[in-house]
Amino acid sequence: MKINFYNTLTKKKEEFKPINEDKVCMYSCGPTVYYYPHIGNLRAYLFMDSLRRTLKYNGYELKHVMNITDVGHLVSDADDGEDKMMKAAKRENKNPFEIADFYTNVFLQDLKKLNIDMPEIIARATQHIKCMEEYVKKIIANGYTYETEDTIYFDTSKLDKYGVLSNKDVKEEDLEARIEVDPNKKHPNDFAVWFRAPENHLMKWDTFWGKCYPGWHLECSAMGHEYLGEEFDIHTGGIDHIPVHHENEIAQAKGYCGKIPAHYWMHVEFLQVDGRKMSKSLNNLYTIDQLNDMGYEPAVFRMFNIGAHYKKQINFTIDAMDAAKTALARLREGYLKHKEGTAEINNNVIDEYENKFHEAINDDLNMPVAMSVVWEVIKNPSKSKQFAKLIDKFDTVMGFNLKEYVPETQELPEEIISLVNQRNEARKNKDWAESDRLRDELISRGYSVKDSKEGTIIEKK
Ligand code: AMP
Ligand code: ZN
């Protein structure tokens, strides 16, 4: 079946045609590991997860690289401010390598908690300095840079066009204003690719230009090239990466070999909190562990997230999380009912559901529509193991890990077990008055009571 993806590069939905027939090569911009990932960041990786799972559903093998930026990302995405890692090191009174290890670990654990399908290659910037050095040397040799005392800048005026993703059209007055901010740049779009490290900078390496560290944008270009070559299929990131980071990656790749590295560029919209941007100053940052403490396990956040297309902004609210929690419980319950079902279902019915689901995910990862097909199957009144198997197949994309789900067993108090046993005995003896009395007793103690061939079934209300 055809797959269509929205491509930021061409600004339209296009049929996906990978370079290799059965293997997709892709790159995702990973986190800068200087703080706990918040649920907005995690939305970006849930999008990456949907993409991976959809491609696998379509039978593709994947070679997927995600970087971990543990050096070189300055506080602004342009070239201003301190290195984020150095700033965190000062804040926590640790060295930046300890900061990197700690937050890399937190990030990878969070992905695991969310059942995110992991990229085949996780590339840490600090372990790829050599390949970055080789990459930047070639850009320099090709004549795309200029030097100031302590920085090597990419000269965007050497390109046929800068800004192919965002169609940049910089106005003259903006130009002047931004040159004032950084007088070293010849043009405001120019950006740093290589920094000479100041004396007190802790993360630095011996390179062709003395003790240096790489620019953030260069890291992704070099690591993408290292594992995926000059051209690959898909590049992903959040929408904030479109105007600066990804434009700069494209500029560097053109400087390196004259090519735009990825054929499809896909970007996920932002998650907002109560209609506002997530930020520390608004005190509305949530982590996945905080949500868990509030009674929303990570799968609830996955359910919440699946409710919106990745190109739509979503608004995080407690009401929406409550709705997602209820939906997850219903999904699990409905799945278990099908698992125990005995109905025989015509194969045409199964095929029809399968087609609808497949069409939805292949339509630019339309997860809300795909999920509506899952609900149709769940709610089908004929309970059948064939449906449970179909949901298992859908779950390879939705990622709720339903196969592994085991309902929590209830630890019943002794006296309740005794009441249930007494009631079973009374029913065996056809003592209906006693059986009714015991049922009322159980209800008054907060249990629902059902009768089955095997005896009394109770559940805590
Ligand atoms: P950073 O560590 O800041 O580079 O961010 C990691 C990823 O999270 C990037 O792909 C960002 O685009 C993405 N991101 C950051 N904030 C949000 C948000 N509120 N909603 C969705 N994605 C976000
Ligand atoms: Zn990147």
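Computed from a predicted structure; not experimentally measured. Both counts, for ligands and for their atoms, begin at 1 and track the order of listing.
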Notebook entry, point to check: Where do Y353 and N380 land on the side chain to side chain contact (heavy atoms under 4.5 Å, CB included) test, with the steps shown first?
Noted result: CA-CA 11 Å; Y353 282 135; N380 193 304; 3.2 Å; yes

Can you classify the ring geometry of [X] versus [Y] as parallel (below 30°), tilted (30 to 60°) or perpendicular (above 60°)?
X    : Y    : result
Y144 : F154 : parallel
Y103 : Y35  : tilted
W205 : F97  : perpendicular

TODO: Write down, by chain and number, every protein residue that brings a non-hydrogen atom to less than 4.0 Å from an atom of ligand 1.
DONE: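 Answer by chain and number: P31, T32, H38, G40, N41, A44, Y45, G238, D240, H241, E269, F270, L271, M278.
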
Any ion pair linking R124 and E219 (charged N to carboxylate O, less than 4.0 Å)?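 Judged by the 4.0 Å cut-off on N to carboxylate O distance, E219 and R124 do not form a salt bridge.
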
Can you tell me which residue pairs pass the side-chain hydrogen bond (donor to acceptor under 3.5 Å, both in side chains) test with a partner in residues 365-376, sequence neighbours excluded?
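The answer is K356-E376.
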
Can a donor-acceptor pair be found, under 3.5 Å and without considering hydrogens, that links the side chain of H338 to the backbone of G334?
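No; judged by distance alone, with no hydrogens or angles, the pair does not exist.
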
Query raised in the report: In the shown structure, where waters are left out, how many protein N, O or S atoms lie under 2.8 Å from the Zn ion (ligand 2)?
Result: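 Total protein N/O/S atoms under 2.8 Å from the Zn ion (ligand 2): 3.
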
Worksheet item: What closest approach, in Å, do V24 and D233 show between heavy atoms, and which atom pair accounts for it?
Response: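 Answer, listing the atom of V24 first, then D233: CA-OD2, 3.5 Å.
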
Exercise for review: Go through the structure and list residues passing side chain to side chain donor-acceptor pair (under 3.5 Å) with D22, not counting sequence neighbours.
Suggested key: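 Listed in chain order: nothing, the list is empty.
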
